[in-house]
Peer 1: 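Structure incoming, see below.
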Number of protein chains: 2
Amino acid sequence: MSPTIKDVAKKAGVSIATVSLAIHNNQRITTITRNKVLRAIKELNYHPSRSAKGLVTKTTGNIGFVLTDDHFLKTEPFYTMIFLGTEFVTRGNDYYVLLATINKDFKEGDELPRFILERSVDGVIVAGKVPDAFIQKLSKFDMPLVFVDYFPPVDDHCVVMVDNTRGGYQAAKHLVDLGHKEIAFIGADITHPSISDRLTGYKQALETSGIEIKQSNIIIDEDYPARQNGYNAAKRLFEKNKNVTAVFACNDAMAIGAMQYCADNGIKIPGDVSLIGFDDVEADLLLNPPLTTVRVPKVELGTEAMNVMVNLLSSKSANCAKKIVVPVELIVRGSTRKI
Amino acid sequence: MSPTIKDVAKKAGVSIATVSLAIHNNQRITTITRNKVLRAIKELNYHPSRSAKGLVTKTTGNIGFVLTDDHFLKTEPFYTMIFLGTEFVTRGNDYYVLLATINKDFKEGDELPRFILERSVDGVIVAGKVPDAFIQKLSKFDMPLVFVDYFPPVDDHCVVMVDNTRGGYQAAKHLVDLGHKEIAFIGADITHPSISDRLTGYKQALETSGIEIKQSNIIIDEDYPARQNGYNAAKRLFEKNKNVTAVFACNDAMAIGAMQYCADNGIKIPGDVSLIGFDDVEADLLLNPPLTTVRVPKVELGTEAMNVMVNLLSSKSANCAKKIVVPVELIVRGSTRKI
DNA sequence: TGGCTTCAGTTAAACGTTTAACCTAAATAT
DNA sequence: ATATTTAGGTTAAACGTTTAACTGAAGCCA
């Protein structure tokens, strides 16, 4: 068995309270006693038990990270990167991250992740879009909450967001600057605020550039923005609309699908059509041509979210309802060109 | 505050011991009392506190997952997939996974991950190659240990391995079957057992096919098997060795680098040279041509490792020193062809 | 009838910490 | 000289469980 505080107390010839106080640098303990204690700790290689500490302080040193199972399973490691971002921060602070998924159709009667019920976490980071019913139920626990890459309907929470509107603007503006006039938008799941914000940015860019916004140039799939849907959206677009010279896909997955459609149908990129995506996933660089895109700093989203959480927990301040918007960056590669 | 076992006891009109026993389906409690207790639990929405339970049972419900920081940071999400595999299993069993990294130059004096010292985990899964000093230090704690994708020097541990030798054999055999005779191997970090096993398989395949093994066809970089090193290895290979018609790269990252070198130097794949990798990473499908490779079931490695761990913890049996070898699979795509 | 089992629970100790309340001796104030 | 404060600890309760040991009633057997 590993040594307990009792062993340290005996070895140092003091009470266990003194050991505890010494560990926490309490003023009441003289330097000389503290050193005695510290020496005993070193000799025994003592480390306090987290369980015992947790029981009395009602803290666990863990943060929950929740996302829906379909986000968890998708091939693009978008949320994985955010998760890793949170891990980076915990390295510095004294926390660990517990991961849990919920059903994307979470209903009122469903159980919350076990770590919430058993109080194994001090706070919860929610990543990506989650059902309303889940947020409702989660909010009943008075537990610090941080949302990342999703803007919950009720608005008194801490949120870390991507500047999707500005990114959409930058993407479309880039195409405008290259001389394009017939610029299409392909997207999916427009109820997702991130996606609709990108569309908003697209519209703003065309508007401020004096280019008419045509509904026929906007293709929205109802489903999830995945490669297959990008393929289908491109098909729907090009079958009815021959004069499009540039396409802004709502994310890289759809852009990759669209690129595949073009390859299958003799549409040259960027020769015939310029294509720009959103997210900047690993795959972009391997495409032929490499995909121009708007970079979302995925790891940074995670670090920011965890930073907010750690602040929330340490300051014990009221729910600050803080909002952080992390900037995006246009990455020009080979899939766009001057017309 | 959430309800405690005391609240349940009061509501059900029994002692707290009865509540505990009822929860654990102890025979001593009649169905009628158990139901009373269960009803109270439901009404109060009671869930036992993990900290309190942990304190007395000396369990935490957590499993540690350790890898070196360079593995954690590399772009190919190889170990991330293994990690996710462990997560999948914990969904079914009652565990969570805590992630920690160690320095790849871990020395004897370095501290172990905090979750081990503070006893926040019931067992540790070690992924990938880790320093000997780390294993030494870790072994001193009598904590269940499972190694995945690495074979520790001292051999009394549970291990989940990839069948690298067989995979290397299959890869080289595939090239032989396509009629190739001058088959090169490019690799790096040959001290890693996985890599050297793949080389062994390569040699076996040539041998059993009656093809001479030439040292000049084997290029080993000392560094890490990454894209850049694949590029360099291909350069070294083709500059001195014009008649090679097929290359087996020790992993996909190096294969991708080699492919880049070939593209830069007018070597057509698979026209002039057939190329095969190892791992089957996401990027392979996006390459032009898509890469023939040997699939390593990454997620399955994680699930297997976690299954072994869960068995170890539940059976409380002696360290079974179990070995599991998960099979690989040849995936033929566009980068190899008949000569 | 009386002694022995079995049944169905209860009591209380234990797990390893933190921390409020208490204590004693020395220092300071009146 | 006595009363009060301060310094530097110690004592003991509390956190929420589990579980070994105990108890009292009922059933059984001779």
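So you know, we letter chains A, B, ... as the sequences are listed, proteins then strands, and number each from 1.
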Peer 1: Set out, in order, the CA-CA distance, both residues' side-chain angles and the distance that settles side chain to side chain donor-acceptor pair (under 3.5 Å) for A:Thr33 and A:Asn35, then state yes or no.
Peer 2: CA-CA 5 Å; A:Thr33 347; A:Asn35 285 342; over 6 Å; no
Peer 1: Parallel, tilted or perpendicular: which describes the rings of B:Phe106 and B:Phe134, with under 30° parallel and over 60° perpendicular?
Peer 2: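 The arrangement is perpendicular - the two ring planes meet at more than 60°.
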Peer 1: Write down the distance between NE2 (B:His24) and C1' (D:dA20), rounded to a whole number of angstrom.
Peer 2: 15 Å
Peer 1: With nearest nucleotides of DNA chain C determined for A:Ile16 and B:Ala17 from heavy-atom distances, which residue corresponds to the more 5′ nucleotide?
Peer 2: B:Ala17
Peer 1: Please list residues of residues 28-39 of chain A whose heavy atoms come under 4.0 Å from any atom in DNA chain C, ordered by number; otherwise none.
Peer 2: A:Arg28
Peer 1: Could you give the CD1-to-P distance, from A:Ile23 to C:dT18, as a whole number of Å?
Peer 2: 6 Å
Peer 1: Is a donor on one side and an acceptor on the other found under 3.5 Å between the side chain of A:Ser49 and the backbone of A:Ala52?
Peer 2: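 Side chain of A:Ser49 to backbone of A:Ala52, a donor-acceptor pair under 3.5 Å: yes, one is there.
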Peer 1: Would you kindly compare A:Pro3 and B:Gln27 by the position of their nearest DNA chain C nucleotide and give the one closer to the 5′ end?
Peer 2: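 Nearest-nucleotide comparison on DNA chain C picks B:Gln27.
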Peer 1: Centre-to-centre under 6.0 Å for B:Tyr96 and A:Tyr96, is that the case here?
Peer 2: no
Peer 1: Measure the distance from CG on A:Asn26 to P on D:dG9 and round it to the nearest whole Å.
Peer 2: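 Rounding to the nearest Å, CG of A:Asn26 and P of D:dG9 are 10 Å apart.
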Peer 1: Hey, is the side chain of B:Ser20 poking within less than 4.0 Å of OP1 or OP2 on D:dT17, counting only N and O atoms?
Peer 2: no
Peer 1: Is a salt bridge present between B:Glu87 and B:Arg91, judged by a nitrogen-to-oxygen distance below 4.0 Å?
Peer 2: yes
Peer 1: Centroid separation under 6.0 Å, is that true for the rings of B:Phe88 and A:Phe72?
Peer 2: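 Yes, the ring of A:Phe72 comes within the 6.0 Å limit of the ring of B:Phe88, centre to centre.
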Peer 1: Please tabulate, for side-chain N and O atoms in residues 13-25 of chain A, each donor-acceptor pair with protein atoms closer than 3.5 Å (sequence neighbours left out).
Peer 2:
unit_1  : atom_1 : unit_2  : atom_2 : d
A:Ser15 : OG     : A:Ala17 : N      : 3.4
A:Ser15 : OG     : A:Thr18 : N      : 3.2
A:Ser15 : OG     : A:Thr18 : OG1    : 3.0
A:His24 : ND1    : A:Ser20 : O      : 2.8

Peer 1: Tell me the closest heavy-atom pair linking A:Pro144 and A:Leu313, and the distance in Å.
Peer 2: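 Looking at all heavy atoms of both residues, the closest pair is CG-CD2, 3.6 Å.
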Peer 1: What's touching nucleotides 14-16 of chain C from the protein side, N or O pairs under 3.5 Å?
Peer 2:
unit_1 : atom_1 : unit_2  : atom_2 : d
C:dC15 : O3'    : B:Lys58 : NZ     : 3.0
C:dG16 : OP1    : B:Lys58 : NZ     : 3.0

